[in-house]
Amino acid sequence: MLNKISNIIKNETKQRKDAIIKLNSYLTNPGRFSILILGSRGTGKAHWLKEIQSLHKEDDKNLDELVFISAFNTNKYNEADWINLFKSSNNGLLVISDIEELNKESQGLLFNGISTGQGGMFGFKEKKFKIRIAFTSTKDITTLRDNETFLTHKFFDRICQFAVKMPTFQEANIFIWEDFQKSWDKMSFQNHNEYPEDLKIWLKKLESPLYGNFRDLDKLAINWHNYRLLGKKEDKILALVREDFFNYYHYPEHKTDINSTFEISKSCDWDGNLKKFRLFYKNYIKNKYGTLRKGEKESKMSYRTMEKW
């Protein structure tokens, strides 16, 4: 089992290897429970689920099928819709992406379906589906866990029985050139011309973070190859690609820390959003100054009032 996964991750960074091995251990575990996969856009959450499922689908691991669906697209589901989705995923892996986009009503409904029955079965009135369920999110774990802006505590507790975080290039960029080659090969550019060596030095210095991770590498590969098709000289292409990348294509920084950003929830009214903003502001003051009492003067708000929030 470990030999199979070792062969496909031998050229990955340690951080990515650790995450993939942990992901593999979940998918091949004889028990059934929920997993939450965290990571910014483009860090390979869906990619490695596909790789591992493909690796084991011939084994007796109940990984025959692989079904992806966005949480947002299930917000109008009723119980019958969820049952149909479970049925189509039976004996396989169901991946619900961007789980933070699931509204509170849908969380309450799905909670019943993912409450494990006898023998690790999932379902609603009847627990009869042999499925593995993975949830993904780009949000920070504290954002999902420590308040109810996105997920209720009850629902979070159910979906996060096991957690894996995929590293970004900021956390593990030692093999970024090798990752770029994967993007280049994926586009089939290697069949037409060699890798752009001038880009190699720039990528390894990583003078500006690639918040899109693999998605940003895909864009760099596409644009470099396009300038070659236009007949641009190789020593001029890097400047052209960098300029285009920062003007048009780079993925924006994705802030996931609830203490640095506040997002209005569409699933509740004014009073609900006000309550969440008070919690956000209380946490912001506490984190910035250490205690609410120390932040009382700067915030011009009684620490006792904030404690009540």
Side-chain angles (χ1 to χ4, degrees), residues 1-6 8-9 18-39 44-71 73-75 77-102 106-137 139 141 144-145 150-166:
M1 184 188 302
L2 286 178
N3 287 337
K4 282 186 175 183
I5 198 70
S6 296
I8 66 172
I9 64 173
D18 291 344
I20 296 166
I21 289 171
K22 193 174 181 182
L23 195 58
N24 179 70
S25 71
Y26 163 73
L27 293 180
T28 57
N29 193 301
R32 291 187 184 85
F33 44 91
S34 298
I35 182 174
L36 178 61
I37 307 169
L38 304 167
K45 298 187 294 296
H47 169 77
W48 285 108
L49 285 171
K50 292 175 184 176
E51 286 286 313
I52 297 171
Q53 185 265 348
S54 177
L55 200 65
H56 297 298
K57 65 180 180 180
E58 302 300 329
D59 300 336
D60 185 22
K61 301 295 182 186
N62 296 122
L63 292 173
D64 298 342
E65 302 294 332
L66 178 58
V67 177
F68 283 89
I69 190 167
S70 166
N73 291 335
T74 67
N75 276 331
Y77 272 22
N78 56 32
E79 186 175 293
D81 294 323
W82 280 111
I83 290 174
N84 287 333
L85 181 60
F86 281 17
K87 185 177 181 180
S88 67
S89 311
N90 202 24
N91 294 315
L93 171 64
L94 172 61
V95 183
I96 304 177
S97 62
D98 296 318
I99 193 61
E100 68 275 3
E101 295 182 358
L102 194 69
S106 294
Q107 290 176 39
L109 179 60
L110 180 55
F111 180 88
N112 294 327
I114 60 176
S115 296
T116 315
Q118 188 68 28
M121 302 287 195
F122 292 100
F124 290 84
K125 294 181 178 67
E126 296 182 55
K127 305 290 183 180
K128 60 180 181 179
F129 298 105
K130 295 180 179 179
I131 55 178
R132 295 181 183 278
I133 306 178
F135 303 92
T136 75
S137 178
K139 297 294 182 183
I141 188 64
L144 298 175
R145 183 193 60 211
F150 298 103
L151 305 178
T152 65
H153 292 318
K154 176 182 177 181
F155 185 74
F156 173 84
D157 184 62
R158 176 61 60 192
I159 70 170
C160 191
Q161 295 175 297
F162 195 70
V164 175
K165 185 176 186 298
M166 301 302 296

Side-chain ([X]) to main-chain ([Y]) donor-acceptor, under 3.5 angstrom:
X	Y	result
Ser34	Cys160	no
Glu101	Ala71	no
Ser54	Glu51	no
Asn90	Lys130	yes
Lys127	Gly123	yes
Asp81	Asn78	yes
Glu65	Ser89	no
Lys22	Lys165	no
Arg132	Asn29	yes

Does the side chain of [X] reach to within under 4.5 Å of the side chain of [Y], using non-hydrogen atoms?
X	Y	answer
Leu93	Ile52	no
Leu55	Leu63	no
Asn24	His56	yes
Leu38	Leu144	yes
Ile99	Phe156	no

Got a list of side-chain donor-acceptor pairs under 3.5 Å for residues 106-121, not counting sequence neighbours?
residue, atom, partner, partner atom, Å
Ser106, OG, Asn75, O, 3.1
Ser106, OG, Asn103, OD1, 3.0
Gln107, OE1, Thr152, N, 3.0
Gln107, NE2, Leu102, O, 2.8
Gln107, NE2, Phe150, O, 2.9
Ser115, OG, Phe111, O, 2.7

Spatial distance of atom [atom1] ([X]) from atom [atom2] ([Y]) [nearest 0.5 Å]:
X	Y	atom1	atom2	value
Trp48	Ile5	CH2	CD1	7.0 Å
Leu36	Lys139	CG	NZ	13.5 Å
Leu49	Phe68	CG	CZ	5.5 Å
Phe122	Ile83	CZ	CD1	15.0 Å
Phe135	Arg158	CZ	CZ	10.0 Å
Thr136	Ile96	OG1	CD1	9.5 Å

Taking all non-hydrogen atoms of both residues, which atom of [X] and which atom of [Y] are closest, and how far apart?
X	Y	answer
Ile131	Asn91	CG2-N, 4.1 Å
Gln161	Phe33	OE1-CB, 3.5 Å
Ser70	Ser97	CA-OG, 3.5 Å

(message) Test of understanding: with side-chain contact (heavy atoms from CB on, under 4.5 Å), list the residues that count as partners of Ile35, not counting sequence neighbours.
(response)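 In terms of side-chain contact (heavy atoms from CB on, under 4.5 Å), with neighbours along the sequence ignored, Ile35 is linked to Leu23, Tyr26, Ile37, Ala134, Phe162, Val164.
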(message) With side chain to side chain contact (heavy atoms under 4.5 Å, CB included) as the criterion, how do Lys50 and Leu66 come out once you've worked through the C-alpha distance, each side chain's angles and the decisive distance to 0.1 Å?
(response) CA-CA 8 Å; Lys50 292 175 184 176; Leu66 178 58; 3.6 Å; yes
(request) Name all residues meeting the ring-ring contact (aromatic ring centres under 6.0 Å, His included) criterion together with Phe155; count only those two or more places apart in sequence or in a different chain, and write none if there are none. (result)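 Testing Phe155 for ring-ring contact (aromatic ring centres under 6.0 Å, His included), a comparison that skips the adjacent residues, returns none.
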(message) With side chain to side chain contact (heavy atoms under 4.5 Å, CB included) as the criterion, how do Leu151 and Arg145 come out once you've worked through the C-alpha distance, each side chain's angles and the decisive distance to 0.1 Å?
(response) CA-CA 8 Å; Leu151 305 178; Arg145 183 193 60 211; over 6 Å; no
